[in-house]
Amino acid sequence: MDMELAQRMLDVVAAVPSGRVTTYGDVAARAGSRSPRLAGFVLANLADEATPWHRVLRSNGTPAPQLAAEQLARLRVEGVLAVDGRVDLRRYRWSD
């Protein structure tokens with residue numbers, strides 16, 4: 001694995017402000033990769049407790065099923081609301 005790319009992905013996620021979300025594809029693109037799956041792998045395997053992983057969603061605005069309850073609860077605390085398990089990316093998506 002390219003650890004420099006992985007660190008760039010983690011840096012992108014760390015930059016997402018509270019109350020905003022991004023997608024795995026956005027993380028990958030901002031870090032210089034075309035692989036949303038790699039972004040997911042990096043978050044799952046290299047993120048620490050300070051990484052705001054909960055701000056990263058799938059391209060349709062949903063969390064991964066195994067993370068849904070915790071992720072949506074964390075987002076709700078930040079003011080990001082989901083309807084039927086889906087976050088409105090037009091409203092909450094981060095763009096700098």
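Numbers for residues simply follow the sequence, beginning at 1.
- At a threshold of 4.5 Å between side-chain heavy atoms, the hydrophobic network of Ile, Leu, Val, Met, Phe, Trp and Tyr places L46 and V12 in one connected group.
- For A28 against S35, the heavy-atom pair with the smallest separation is CB-O, 3.5 Å.
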Worked check of salt bridge (Lys or Arg N to Asp or Glu O under 4.0 Å) between R93 and D26: CA-CA 10 Å; R93 192 179 217 156; D26 292 343; 2.8 Å; yes

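- Linking Ile, Leu, Val, Met, Phe, Trp and Tyr whenever their side-chain heavy atoms come within less than 4.5 Å puts L72 and V21 in one cluster.
- Applying the salt bridge (Lys or Arg N to Asp or Glu O under 4.0 Å) definition to pairs two or more places apart or across chains, those involving residues 45-62 are R55-E78.
- Residues W94 and V80 do not share a hydrophobic cluster, clusters being chains of Ile/Leu/Val/Met/Phe/Trp/Tyr side chains in contact below 4.5 Å.
- Distance CG/N60 to CG/L89: 8.0 Å, rounded to 0.5 Å.
- Between L38 atom CG and Y24 atom OH the span is 12.5 Å, to the nearest 0.5 Å.
- In E4, the CD atom is not crowded: 12 or fewer heavy atoms of neighbouring residues, nucleotides or ligands sit closer than 6.0 Å.
- Distance check: M9 CE to M3 CE gives 11.5 Å after rounding to the nearest 0.5 Å.
- The two residues V42 and A6 make their nearest non-hydrogen contact at CG1-O, 3.7 Å.
- Taking 4.5 Å as the limit, every side-chain heavy atom of T23 sits out of range of all side-chain heavy atoms of P36.
- A single hydrophobic cluster is seen to contain both F41 and L67, as judged by linkage of ILVMFWY side chains at heavy-atom distances under 4.5 Å, directly or through other members.
- To the nearest 0.5 Å, atoms CG (L75) and CG (L81) are separated by 9.5 Å.
- In this structure, Q71 CD and W53 CH2 are separated by 5.0 Å, a value rounded to the nearest 0.5 Å.
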Apply the test side chain to side chain contact (heavy atoms under 4.5 Å, CB included) to residues L43 and T51: give CA-CA distance (whole Å), side-chain angles for both, the deciding distance (0.1 Å), then the verdict. CA-CA 8 Å; L43 281 174; T51 304; 3.9 Å; yes

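- Between the OG atom in S33 and the CZ atom in R8 there is a gap of 8.5 Å [rounded to 0.5 Å].
- Looking at V13 and V56, their side chains come closer than 4.5 Å, going by heavy atoms from C-beta outward.
- Among pairs with a residue in residues 81-90, none fulfils side chain to side chain donor-acceptor pair (under 3.5 Å), at least two apart in sequence or across chains.
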